[in-house]
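What you see below is based on every heavy atom in this structure, not just the backbone, and it leaves out hydrogens, waters and symmetry mates.
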Amino acid sequence: MLRILLLLLPLCSAALLPMPTGPYQLTLNVSQLIDTSRKDPWGKDTVKYRRLMISRFDPLPPNTCYRNEKVPYMSPAVSAAMDGIFAPFGFPAGIFGSLDMVVCFQPDFCKPNETWPVVLFSPGFNATRLLYSMLAQEVASQGYTVITIDHPFDTNVEFPDGTIAYGGNVNFSDINSVYHALDIRMNDILFVLNTLGIQDNAPPNASALGFGGSFGGAAIAAGMLNDTRIRGGVNLDGELFGGVINAGLGRPGINQSFILWGAEGHNRSSQPEWGLFYQNLKREGMFERELELLNASHITFSDLPLVVDVTGIRTNLSAESQAVVGFLPGKRVLQILSKYLSDYFRFVLRGNEGEGLLYGPSKEYPEVVFLG
């Protein structure tokens with residue numbers, strides 16, 4: 001039986017992250033999902049079955065928000081784990097726990113009945129879905145329900161019962177370990193699709209979309225290969241693994257499309273798997289794009305540039321650490337990503353409206369280079 005539990009986070013005094021810039025305000029629902037069809041695949045949890053944590057951002061029509069509320073950006077346990085990961089780069093302890101974000105509290109009696117296109121997000125290895133909450137909000141504020149998914153024991157997760165599932169259990173020098181983790185992530189994503197009630201063979205406007213950072217991008221691609229309910233996907237600077245590289249995407253009568261979006265210098269010429277995957281998409285006649293984000297690093301495709309800007313620590317970091325973050329301002333990163341992602345998702349759902357920014361280079365966004 002599926003159980004969904006709300007995780008209530010205590011409020012604290014903190015620096016405030018900016019509200020998203022799209023036309024819609026957002027509600028936030030943080031839930032635990034338990035998949036009773038699967039035992040814990042890592043054998044590390046305190047419960048028998050596989051469980052996940054998700055954050056769901058839903059748009060509200062303009063001027064319908066009941067009350068804005070501040071909520072912590074990360075829980076204390078997860079923020080402490082992220083402090084440990086970024087301490088070698090000169091990040092001061094407590095930086096992630098010092099942040100709040102604003103969401104709309106909407107009581108049951110005034111919740112709208114509108115539904116929005118569903119977009120799933122999978123985070124990078126050993127990170128947390130919470131490190132992408134501002135990116136998720138920016139996309140959601142354009143008119144999408146965005147659901148970020150944590151993958152316990154691969155990413156860092158805190159459950160409502162206080163259990164902490166620490167990530168970092170994937171050995172990337174062992175391809176079997178990588179495939180094991182990728183299969184777990186793929187099944188996590190498909191379980192969320194089932195939970196949402198998205199049907200097989202649904203038309204594009206009733207299907208799902210997906211994007212992921214780093215290893216999360218590989219998980220979205222693997223999910224699309226195994227389930228055509230995801231019609232469009234984006235890999236944000238991640239490698240690709242497994243059968244999707246050679247198999248491509250799509251089925252007879254069902255189109256799936258994909259974007260490969262790399263940091264500066266990460267493209268088909270430096271990533272052979274990207275090249276094979278891209279060629280197979282073209283061979284199958286699927287819509288594809290390859291983009292490059294100038295002055296970006298691997299972790300730029302997250303909230304980290306915004307975090308260092310809002311907390312004022314960017315200029316205190318070493319030159320090497322600033323390069324790890326990337327040289328684009330955090331607000332600009334979110335603006336670029338959200339505009340291109342929302343145009344792409346709109347094209348997948350309603351192709352008759354055109355490709356938008358995916359049509360070709362834009363003078364408004366010179367940081368984005370089209371490579372294919």
- Message: One pair to check against side chain to side chain contact (heavy atoms under 4.5 Å, CB included): L193 and I230. What are the steps and the verdict?
- Response: CA-CA 9 Å; L193 288 175; I230 308 174; 3.8 Å; yes
Side chain to side chain contact (heavy atoms under 4.5 Å, CB included) assessment of L52 paired with V192: CA-CA 9 Å; L52 313 174; V192 174; 4.0 Å; yes
ring-ring contact (aromatic ring centres under 6.0 Å, His included) between Y144 and F57, intermediate numbers included:
CA-CA 8 Å; Y144 300 91; F57 297 95; over 10 Å; no
Determine, stepwise, if the pair Y132 / F301 fulfils ring-ring contact (aromatic ring centres under 6.0 Å, His included).
CA-CA 8 Å; Y132 302 83; F301 295 90; over 10 Å; no
Between L304 and V325, is a side chain to side chain contact (heavy atoms under 4.5 Å, CB included) present by the stated rule, with each step listed? CA-CA 7 Å; L304 199 65; V325 175; 4.1 Å; yes
Exercise. Kindly indicate, with the supporting measurements, whether the criterion ring-ring contact (aromatic ring centres under 6.0 Å, His included) is fulfilled by F211 and W261.
Key: CA-CA 11 Å; F211 69 119; W261 197 343; over 10 Å; no
**Asked** Step by step, would you call Y340 with Y365 a ring-ring contact (aromatic ring centres under 6.0 Å, His included)?
**Response** CA-CA 10 Å; Y340 277 80; Y365 300 101; 5.5 Å; yes
Residue pair N156, R129: steps toward the side chain to side chain contact (heavy atoms under 4.5 Å, CB included) verdict = CA-CA 8 Å; N156 295 286; R129 76 188 193 282; over 6 Å; no
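Not a single donor-acceptor pair under 3.5 Å links the side chain of D100 to the backbone N or O of K70. Proximity of a side-chain donor or acceptor of N280 to a complementary backbone N or O of L276 within less than 3.5 Å is detected. Of the possible donor and acceptor atoms, none in the side chain of N295 sits under 3.5 Å from a partner among the backbone N and O of F327. A donor-acceptor pair is defined here as one N or O able to donate and one able to accept, closer than 3.5 Å; such a pair exists between the side chain of S338 and the backbone of L334. In this structure a side-chain-to-backbone donor-acceptor pair under 3.5 Å is missing from S214 to G124. For E69 (side chain) and R67 (main-chain N/O), no donor-acceptor pair under 3.5 Å exists by modelled atom type. Put simply, the side chain of S321 never gets that close to the backbone of L317: no donor and acceptor are under 3.5 Å apart. The closest donor-acceptor contact from the side chain of H298 to the backbone of D237 lies under 3.5 Å. Checking side-chain atoms of R50 against main-chain N and O of P152 turns up a donor-acceptor pair under 3.5 Å. E158 places no side-chain N or O within donor-acceptor distance of the main-chain N or O of T163, the cut-off being under 3.5 Å.
In this structure, a donor-acceptor pair under 3.5 Å is present between the side chains of N68 and Q25. Residues H266 and E292 bring no donor and acceptor atom of their side chains to less than 3.5 Å of each other. Residues S257 and R231 have side chains that never bring a donor and an acceptor to within less than 3.5 angstrom of each other.
Just one of E138, Q137, K331 meets the side chain to side chain donor-acceptor pair (under 3.5 Å) condition when paired with T21; it is E138.
In this structure, R51 forms a cation-pi arrangement with F159, its terminal cationic atom sitting closer than 6.0 Å to the ring centre and no more than 45° off the ring axis.
A search for side chain to side chain donor-acceptor pair (under 3.5 Å) contacts involving N169 returns nothing, not counting sequence neighbours.
Cluster annotation: V369 and I336 are assigned to distinct hydrophobic clusters (Ile/Leu/Val/Met/Phe/Trp/Tyr, side-chain heavy-atom contacts under 4.5 Å, transitive). Linking ILVMFWY side-chain heavy atoms closer than 4.5 Å, directly or via other members, places I198 and F191 in a single hydrophobic cluster. There is a path of hydrophobic side-chain contacts, each under 4.5 Å, that joins M74 to V71.
V234 is not listed as a side-chain neighbour of L260, based on a closest heavy-atom distance of 4.5 Å or more. Annotation: side chain of L337 is in contact with side chain of L135 (closest heavy-atom distance under 4.5 Å). Side-chain contact between N126 and T155 is absent, with no heavy atoms from C-beta onward closer than 4.5 Å. Taking the side chain as every heavy atom from C-beta outward, W274 and E239 never approach each other to under 4.5 Å.
To the nearest 0.5 angstrom, I54 atom CD1 is 5.0 Å from S31 atom OG. Atom OG of S122 sits about 11.0 Å away from atom CG of L236, to the nearest 0.5 Å. Note that CG of D58 is 8.5 Å distant from CG of L26, once rounded to the nearest 0.5 Å. The CG atom of L328 sits 9.0 Å away from the CD atom of E264 when rounded to the nearest 0.5 Å.
If you chain together ILVMFWY residues whose side-chain heavy atoms come under 4.5 Å of each other, I164 ends up grouped with Y166. Cluster partners of W42 are F125, F153, V170, F172, I175, V178, Y179, L182, I184, F215, F241, counting Ile, Leu, Val, Met, Phe, Trp and Tyr whose side-chain heavy atoms approach within less than 4.5 Å, directly or via other members.
Ring orientation note: the planes of F258 and F277 are nearly perpendicular, at an angle over 60° on the 30°/60° scale.
Within 6.0 Å of atom CZ in F370, more than 12 heavy atoms from other residues, nucleotides or ligands are found, so the atom counts as buried in its surroundings.
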